[in-house]
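A short worksheet on the structure shown next.
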Amino acid sequence: MALALRSAIGLAALLLAACSGETPVNMKDPSSVTRKFVEAYNARDLARMLPLVDQVNIDAVKNALADGVNSEAYQSIFMPEMVELLARDNGKVFGPRYDRNGAVFQVGDTVAGDVYTIELSQRDNEAWLIDEFSMMSEREFLELPEKRPER
């Protein structure tokens with residue numbers, strides 16, 4: 001059921017992108033997924049974020065959609081400090097770097113020298129989905145390998 005819903009949501013997002021003249025997301029490319037997520041985040045477009053995230057995050061996005069802009073669920077996604085981090089440099093995305101779980105992208109940085117990252121993993125159907133958001137030092141990010149380890 002969840003897979004069918006995710007497929008339907010993904011198809012709807014691709015159709016919407018095609019109709020709007022927007023370049024559709026390539027779910028088999030973690031860079032494409034991350035860039036589209038940052039674009040959707042900066043536009044506060046929860047519907048465009050839905051097909052890009054894993055089940056844990058999709059539930060949070062669905063709750064924010066259902067509860068509305070003034071809800072706690074919405075505010076937890078669009079916290080002011082995160083909005084500022086992701087909007088800086090017009091949403092520039094650096095990476096990928098790779099850890100044992102998948103692809104890691106830098107999507108913002110702090111004045112203290114930490115970087116805000118989006119982490120993705122690849123599913124059995126080869127689609128990449130966003131799993132996690134985290135902070136790490138810039139040094140830690142730069143020490144991650146630029147090439148994906150062999151599986």
Side-chain angles (χ1 to χ4, degrees), residues 2 5-6 9-10 13-14 16-17 20 22-151:
L5 177 61
R6 183 182 304 266
I9 291 170
L14 289 175
L16 182 61
S20 69
E22 181 181 317
T23 305
V25 63
N26 177 357
M27 296 302 291
K28 293 185 179 183
D29 175 14
S31 296
S32 179
V33 173
T34 303
R35 283 186 180 83
K36 290 298 178 183
F37 179 85
V38 171
E39 287 172 13
Y41 185 92
N42 286 336
R44 289 186 180 64
D45 189 337
L46 292 165
R48 283 178 41 209
M49 291 166 56
L50 273 173
L52 307 175
V53 297
D54 70 347
Q55 189 61 48
V56 171
N57 292 301
I58 202 169
D59 291 341
V61 174
K62 283 181 183 177
N63 290 339
L65 267 170
D67 297 346
V69 175
N70 295 320
S71 70
E72 186 177 319
Y74 185 93
Q75 297 303 320
S76 72
I77 292 173
F78 296 108
M79 294 182 294
E81 57 274 9
M82 291 299 109
V83 169
E84 182 182 332
L85 280 174
L86 269 72
R88 198 175 298 145
D89 296 327
N90 295 318
K92 191 157 184 149
V93 173
F94 300 97
R97 301 290 182 148
Y98 293 92
D99 66 10
R100 69 183 195 292
N101 298 319
V104 180
F105 291 85
Q106 176 184 341
V107 295
D109 56 9
T110 68
V111 292
D114 293 326
V115 297
Y116 189 63
T117 63
I118 293 179
E119 301 173 24
L120 301 90
S121 62
Q122 194 171 31
R123 303 305 192 254
D124 290 338
N125 65 357
E126 297 186 17
W128 288 88
L129 292 176
I130 295 170
D131 290 329
E132 192 173 339
F133 306 87
S134 66
M135 274 298 185
M136 64 175 63
S137 73
E138 183 178 29
R139 181 186 54 72
E140 287 174 307
F141 176 75
L142 293 174
E143 287 177 352
L144 291 171
E146 292 183 43
K147 294 198 186 280
R148 188 172 186 196
E150 295 296 321
R151 297 206 234 185

pair M27-L129: side-chain heavy atoms closer than 4.5 Å:
yes
If you round to the nearest 0.5 Å, how far is CG of N57 from NZ of K62?
12.0 Å
Validation row: R35, V25 side chains within 4.5 angstrom (heavy atoms):
no
Which residue in the set K147, E146, E143, E140 passes side-chain contact (heavy atoms from CB on, under 4.5 Å) when paired with R97?
E146
Output all residues satisfying side-chain hydrogen bond (donor to acceptor under 3.5 Å, both in side chains) with D131, sequence neighbours left out; order by chain, then residue number.
S121, R123
Sorted by chain and residue number, the side chain to side chain contact (heavy atoms under 4.5 Å, CB included) partners of D59 (sequence neighbours excluded) come out as Q55
Heavy-atom closest contact (L50 atom, V61 atom, distance)
CD2-CG1, 3.6 Å
Matching residue for F37 among F105, W128, F133 - test: ring pair (Phe, Tyr, Trp, His ring centres under 6.0 Å):
F133
Those residues at least two apart in sequence (or on a different chain) that pass side chain to side chain contact (heavy atoms under 4.5 Å, CB included) with D99 are N101, V104, E119, L144
What one should report as the nearest heavy-atom pair of T117 and M136 is CG2-CG, 4.1 Å
Out of curiosity, L120 CG to E132 CD, how far, rounded to the nearest 0.5 Å?
10.5 Å
Between R48 and A43, what is the shortest heavy-atom contact and its length?
NH1-CB, 4.3 Å
Taking all atoms of both residues into account, what is the closest heavy-atom pair of P24 and S32, and its distance?
O-OG, 4.5 Å
Tell me every residue that passes side chain to side chain contact (heavy atoms under 4.5 Å, CB included) with F94, counting only those two or more places apart in sequence or in another chain.
K92, Q106
Which heavy atom of I77 sits nearest a heavy atom of M49, and at what distance?
CG2-CE, 4.1 Å
To the nearest 0.5 Å, atom CD of Q122 lies from atom CG of D29 at 10.0 Å
Sorted by chain and number, sequence neighbours left out, side chain to side chain contact (heavy atoms under 4.5 Å, CB included) with A66 holds for none
Provide the closest heavy-atom pair for Y98 versus R148 in the form atom of the first, atom of the second, distance.
CD1-N, 3.4 Å
What is the distance from atom CD1 of I130 to atom CD1 of I58, rounded to the nearest 0.5 Å?
11.5 Å
Given side chains that start at C-beta, do those of T110 and L85 come closer than 4.5 Å, heavy atoms only?
yes
Tell me which pairs pass side chain to side chain donor-acceptor pair (under 3.5 Å) where either residue lies in residues 72-86, with sequence neighbours left out.
E84-R88
